[in-house]
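Structure record follows, encoded as structure tokens.
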Amino acid sequence: MGSWIWWTILGMAVVTYIPRAIPLTFLEGRELPPSLQNILRNIPFAVLGALIFPAIFFIQDNIWFGVIGATAAFGIALLGANVMVVVLGSIAVLAVYSLFI
């Protein structure tokens with residue numbers, strides 16, 4: 001294994017560590033404004049949506065499989081269910097749908 005691999009691993013570690021260390025260092029003991037807290041609280045859901053949305057249309061050869069699953073998940077989420085119930089509910093809807101195709 002060449003030395004360039006170790007430099008690459010070290011570089012990736014530094015680049016990964018810096019964005020995590022800076023907020024911890026400079027924001028220690030400070031309270032963020034409520035509006036910023038709300039934005040940061042919603043980032044995981046936005047990222048999850050961005051990752052899942054393209055897969056809806058390429059999940060199987062049948063495009064309706066993804067559309068029905070996304071519609072079911074969206075409907076369950078609108079009812080106020082937590083994330084686990086949304087995921088399990090859309091899986092159940094797709095299991096029933098797969099019995100009829």
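Scope of the values below: all heavy atoms of this structure, side chains included, with no hydrogens, waters or symmetry mates. Because the structure is predicted, anything quoted here is derived from the model rather than measured.
- Hydrophobic cluster membership differs between M12 and I18, with clusters built from Ile, Leu, Val, Met, Phe, Trp and Tyr side chains linked at under 4.5 angstrom.
- With side-chain heavy atoms closer than 4.5 Å counting as contact, directly or through intermediates, the hydrophobic cluster containing I43 also holds L27, L32, L36, L40, V47, L51.
- Criterion: ILVMFWY side-chain heavy atoms under 4.5 Å apart, direct or through other members. Under it, V86 and L94 are not part of a common hydrophobic cluster.
- Here the closest heavy-atom approach between residue I56 and residue A70 is recorded as CD1-CB, 3.5 Å.
- Atom CD1 of I68 is separated from atom CD1 of I63 by 11.0 Å, given to the nearest 0.5 angstrom.
- Looking at Y97 and N62, their side chains come closer than 4.5 Å, going by heavy atoms from C-beta outward.
- The side chain to side chain donor-acceptor pair (under 3.5 Å) pairs that include a residue from residues 34-57 are E31-Q37, N38-R41, where partners are two or more places apart or lie in different chains.
- The OG atom of S98 sits 11.5 Å away from the CD1 atom of I91 when rounded to the nearest 0.5 Å.
- N82 meets the side chain to side chain contact (heavy atoms under 4.5 Å, CB included) test with M84, V85; sequence neighbours excluded.
- The hydrophobic clustering, which links ILVMFWY residues whose side-chain heavy atoms are closer than 4.5 Å, places V93 and F53 together.
- Under the side chain to side chain contact (heavy atoms under 4.5 Å, CB included) criterion, A92 pairs with no residue, sequence neighbours left out.
- In this structure, I76 is not a member of the same hydrophobic cluster as V83, with clusters built from ILVMFWY side-chain heavy atoms closer than 4.5 Å.
- Here V96 pairs with F100 under the side chain to side chain contact (heavy atoms under 4.5 Å, CB included) rule; sequence neighbours left out.
- Checked against side chain to side chain contact (heavy atoms under 4.5 Å, CB included), F74 has the following partners two or more places apart in sequence or in another chain: L78.
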